Undergrad: 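To start, I am sharing the structure in question, which I have written as structure tokens.
Index from 1, following the sequence. Just so you know, these numbers come straight off a predicted model, no measurement behind them.
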Amino acid sequence: QVQLVESGGGLVQAGGSLRLSCAASGRAFRIYYLAWFRQAPGKEREKVSALTWSEGVTYYVDSVKGRFTISRDNAKNTVYLQMNNLKPEDTAVYYCAADTAYDGREEYDDWGRGTQVTVSS
């Protein structure tokens, strides 16, 4: 019961920055986990970052630690991924995903359509 729309992707040179946004909307939903995934051509989709919505506990994959920051704005029902010092290997389609089921599992059942991030060298 949640719709997710990503924005903010684009083309940037190595060392540059982008901020991705994920706007959530719907009726009577609660988000327990919100994550950013990415998938590059020919590669497996990986979880880049995640947070617990209420507590704000965050997770980052090792390759982006110190460069990416996930945050939320409850008033706007929006989560952000600030990406600094971008590298060509960050090039991928980035997806926003939400876990809206309170069942004791981190299960991403709602997904956005993705936004392309391309980092040139």
Side-chain angles (χ1 to χ4, degrees):
Q1 291 185 328
V2 62
Q3 294 78 47
L4 305 173
V5 179
E6 304 98 332
S7 62
L11 175 64
V12 65
Q13 293 184 355
S17 298
L18 287 172
R19 188 181 73 161
L20 306 183
S21 299
C22 174
S25 63
R27 183 177 179 273
F29 67 89
R30 291 188 65 184
I31 295 175
Y32 297 97
Y33 296 88
L34 196 293
W36 287 97
F37 291 77
R38 68 185 180 188
Q39 187 166 26
K43 295 184 178 180
E44 197 80 7
R45 180 176 293 179
E46 68 171 345
K47 184 166 68 176
V48 178
S49 185
L51 62 75
T52 60
W53 193 260
S54 296
E55 296 81 11
V57 178
T58 60
Y59 159 86
Y60 300 95
V61 69
D62 286 346
S63 61
V64 309
K65 287 181 178 177
R67 300 189 296 120
F68 290 11
T69 303
I70 190 170
S71 62
R72 69 192 190 283
D73 185 333
N74 287 340
K76 298 180 179 180
N77 284 325
T78 300
V79 65
Y80 304 96
L81 186 67
Q82 179 67 45
M83 306 186 296
N84 297 326
N85 191 24
L86 283 161
K87 303 176 180 180
E89 51 263 43
D90 295 318
T91 296
V93 177
Y94 284 71
Y95 298 89
C96 178
D99 180 352
T100 61
Y102 185 63
D103 57 5
R105 303 174 184 176
E106 185 178 350
E107 183 180 62
Y108 294 98
D109 47 0
D110 296 281
W111 293 75
R113 295 181 179 179
T115 185
Q116 177 71 48
V117 171
T118 303
V119 184
S120 62
S121 59

Undergrad: Tell me the salt bridge (charged side-chain N to carboxylate O under 4.0 Å, His left out) pairs involving residues 12-32, sequence neighbours left out?
TA: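 Those involving residues 12-32 do not exist here.
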Undergrad: State, without any angle test, whether T78 and D73 hold a side-chain donor-acceptor pair at a distance under 3.5 Å.
TA: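 Result is no, nothing qualifies.
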Undergrad: In residues 112-121, what donor-acceptor pairs under 3.5 Å come from side-chain atoms, sequence neighbours left out?
TA:
from	atom 1	to	atom 2	distance (Å)
T115	OG1	G9	N	3.2
Q116	NE2	A92	O	3.4
Q116	NE2	T118	OG1	3.3

Undergrad: Test side-chain contact (heavy atoms from CB on, under 4.5 Å) on Y59 and L51 and set out the steps.
TA: CA-CA 6 Å; Y59 159 86; L51 62 75; over 6 Å; no
Undergrad: Measure across I70 and L34 and return the closest heavy-atom pair with its distance rounded to 0.1 Å.
TA: CD1-O, 4.0 Å
Undergrad: Nearest heavy-atom pair of L4 and D110: which atoms, and what distance?
TA: CD1-O, 3.4 Å
Undergrad: Mind listing the closest non-hydrogen atom pair of S17 and Q82 along with its distance?
TA: CB-NE2, 4.0 Å
Undergrad: Working note: M83 + Y94, criterion side-chain contact (heavy atoms from CB on, under 4.5 Å); need CA distance, chi angles, decisive distance, verdict.
TA: CA-CA 12 Å; M83 306 186 296; Y94 284 71; 3.9 Å; yes
Undergrad: Does the side chain of R67 reach to within under 4.5 Å of the side chain of Y60, using non-hydrogen atoms?
TA: no
Undergrad: Check whether the ring centres of Y32 and Y102 lie less than 6.0 Å apart, and answer yes or no.
TA: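 For Y32 and Y102, the ring centres are under 6.0 Å apart.
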Undergrad: Identify the two heavy atoms, one from A98 and one from D109, that lie closest to each other, and give their separation to 0.1 Å.
TA: O-OD1, 2.8 Å
Undergrad: As a quick check of understanding, evaluate side-chain contact (heavy atoms from CB on, under 4.5 Å) for W36 and V79, giving each step before the final call.
TA: CA-CA 9 Å; W36 287 97; V79 65; 4.1 Å; yes
Undergrad: Verify the cluster assignment for L20 and I31: are they in a single hydrophobic cluster under the rule of side-chain heavy atoms below 4.5 Å apart?
TA: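 Both belong to a single hydrophobic cluster.
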Undergrad: Under a 4.5 Å side-chain heavy-atom rule over Ile, Leu, Val, Met, Phe, Trp and Tyr, are Y95 and V61 clustered together?
TA: no
Undergrad: If you compare all heavy atoms of R72 against all heavy atoms of S54, which two are closest, and at what distance to 0.1 Å?
TA: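 Looking at all heavy atoms of both residues, the closest pair is NH2-O, 3.2 Å.
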Undergrad: Working to the nearest 0.5 Å, report the span between OH of Y80 and OG of S49.
TA: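 These two atoms lie 15.0 Å from each other.
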Undergrad: Quick check: closest heavy atoms across E6 and C96, and the distance to 0.1 Å?
TA: OE2-N, 2.8 Å
Undergrad: For the pair D90 and K87, find out whether any cationic side-chain nitrogen is under 4.0 Å from an anionic carboxylate oxygen.
TA: no
Undergrad: When you compare the side chains of N74 and W53, does any donor N or O come within less than 3.5 Å of an acceptor on the partner?
TA: yes
Undergrad: Quick one: does R38's side chain get under 4.5 Å of V64's, heavy atoms only?
TA: yes
Undergrad: Output yes when R105 and D99 qualify as a salt bridge under the 4.0 Å nitrogen-oxygen rule, no when they do not.
TA: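 Judged by the 4.0 Å cut-off on N to carboxylate O distance, R105 and D99 do not form a salt bridge.
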Undergrad: Run the numbers on L81 and F68 for side-chain contact (heavy atoms from CB on, under 4.5 Å), then give the verdict.
TA: CA-CA 7 Å; L81 186 67; F68 290 11; 4.1 Å; yes
Undergrad: My understanding is that only residues two or more places apart in sequence, or in another chain, count here; which of them pass side-chain hydrogen bond (donor to acceptor under 3.5 Å, both in side chains) with E89?
TA: none
Undergrad: Where does the angle between the aromatic ring planes of W111 and F37 fall among parallel (under 30°), tilted (30 to 60°) and perpendicular (over 60°)?
TA: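 Rings of W111 and F37: tilted, as their planes differ by 30° to 60°.
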